[in-house]
Colleague: 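Handing you this structure, nothing more for now.
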Amino acid sequence: MKKLKDFSVPYRVAQTANKINQSLTKVLKDFDVAPEQRAILDFIDQDNTLSQNELSKNLGKDKTTISRTLDALEKKSYIVRIPTQEDKRVKTINLTSEGQRVLDKTKIVIENFREAMIEDLSEDEVDIMFKLLDKISNNIDNYYEES
C-alpha cells in the first residue's frame, strides 16, 4: 500500500513549499527580513501605487495577514503608508530608503536561491512546472465554485 506522501499532490506541494520557505528564512536571516516581508517589498518596488487591498489580492493573502506584515515592515522603517487624495481611508504603500536598501542587499541572494532551485531543470521543465501549478490552482478555484 502506498503512503500518503508518495501519491498526494497537496502533500508534496506543501512539503516543497515548506522547504522553500525554511530555506529562504535561513538565507534572509542576516538581513532582518522574512521571506513574506521581502516578497511584499518586491511588489511595492514594482508598483508603488498599490493599496493594501490590492497587495492582498496580488499575493493571495487575507487582509489581516497583509496588515500585520505591513505593520512589521512599517515598524522596521522599511515602508510608509500614504493616504490617497481621493479617499483618505485608502493608503498606498511606498518603500523608504531603508526598505530599498534591504531589498537591494537581498536581490542577489534571492536570485542565487532561485537559480539553485531550478539548477537541474531544463527551460521546458520549468515551463511545464508553471503550467502544472497554474492548472492545479485553477482546479482548486473551480472546485470551490462548484461546491
Colleague: Should we say atom NZ of Lys107 is surrounded by more than 12 heavy atoms from elsewhere, each under 6.0 Å from it?
Modeller: yes
Colleague: Do Ser122 and Val126 make a side-chain contact, defined as non-hydrogen atoms from C-beta onward lying under 4.5 Å apart?
Modeller: no
Colleague: Counting neighbours of CD on Glu123 that are heavy atoms of other residues, nucleotides or ligands and sit closer than 6.0 Å, is the number greater than 12?
Modeller: no
Colleague: Supply the atom-to-atom distance Tyr11 OH to Thr16 OG1, rounded to the nearest 0.5 angstrom.
Modeller: 10.0 Å
Colleague: Any chance you could measure Glu36, atom CD, to Leu41, atom CG, to the nearest 0.5 Å?
Modeller: 11.0 Å
Colleague: Ile20 and Leu28: same hydrophobic cluster, using ILVMFWY side-chain contacts below 4.5 Å?
Modeller: yes
Colleague: Evaluate the side chain to side chain donor-acceptor pair (under 3.5 Å) criterion for residues Asp47 and Thr49: first the C-alpha distance (whole Å), next the side-chain angles of each, then the deciding distance (0.1 Å), finally the verdict.
Modeller: CA-CA 5 Å; Asp47 184 356; Thr49 66; 2.5 Å; yes
Colleague: Starting at OG1 of Thr106, measure out to CG of Asp30 and round the result to the nearest 0.5 Å.
Modeller: 12.0 Å
Colleague: For a quick test of reading the model, state the closest non-hydrogen atom pair linking Asn48 to Asn94 and the distance between them.
Modeller: O-OD1, 3.0 Å
Colleague: Report the residues that fulfil salt bridge (Lys or Arg N to Asp or Glu O under 4.0 Å) with Glu74, sequence neighbours left out, ordered by chain and then residue number.
Modeller: Arg81
Colleague: Are any non-hydrogen side-chain atoms of Ser51 and Lys91 less than 4.5 angstrom apart?
Modeller: no
Colleague: Return the CD1 to OG1 distance between Ile79 and Thr96, rounded to the nearest 0.5 Å.
Modeller: 8.5 Å
Colleague: Membership question, hydrophobic clusters at under 4.5 Å side-chain separation (ILVMFWY): are Ile108 and Val102 in the same one?
Modeller: yes
Colleague: With a 4.5 Å cut-off on side-chain heavy atoms, are Tyr78 and Leu95 touching?
Modeller: no
Colleague: Could you pull out the closest heavy-atom pair between Leu24 and Pro35, with the gap in Å?
Modeller: CB-CG, 3.7 Å
Colleague: Do you reckon Leu132 sits in the same ILVMFWY cluster as Val9, going by side-chain contacts under 4.5 Å, direct or chained?
Modeller: no
Colleague: Identify, with sequence neighbours excluded, every residue that meets salt bridge (Lys or Arg N to Asp or Glu O under 4.0 Å) alongside Lys76.
Modeller: Asp32
Colleague: Between Asp42 and Arg38, is there a salt bridge with N-O shorter than 4.0 Å?
Modeller: yes
Colleague: How many angstroms lie between atom CD of Gln52 and atom CD1 of Ile40, to the nearest 0.5 angstrom?
Modeller: 9.0 Å
Colleague: A side-chain contact here means heavy atoms from C-beta on lying under 4.5 Å apart; do Ile93 and Leu50 qualify?
Modeller: no
Colleague: Do you reckon Leu70 sits in the same ILVMFWY cluster as Val80, going by side-chain contacts under 4.5 Å, direct or chained?
Modeller: no
Colleague: Do Asn53 and Ile66 have side chains that approach each other closer than 4.5 Å (heavy atoms only, starting at C-beta)?
Modeller: no
Colleague: Given side chain to side chain donor-acceptor pair (under 3.5 Å), test Asp104 with Gln100 step by step and report yes or no.
Modeller: CA-CA 6 Å; Asp104 291 344; Gln100 187 65 56; 2.9 Å; yes
Colleague: State whether a side-chain donor-acceptor pair under 3.5 Å links Thr65 with Asp62.
Modeller: yes
Colleague: Which residues pass the salt bridge (Lys or Arg N to Asp or Glu O under 4.0 Å) test with Glu98, sequence neighbours left out?
Modeller: Arg101
Colleague: To the nearest 0.5 angstrom, please state how far the NZ atom of Lys75 sits from the CG atom of Leu73.
Modeller: 12.0 Å
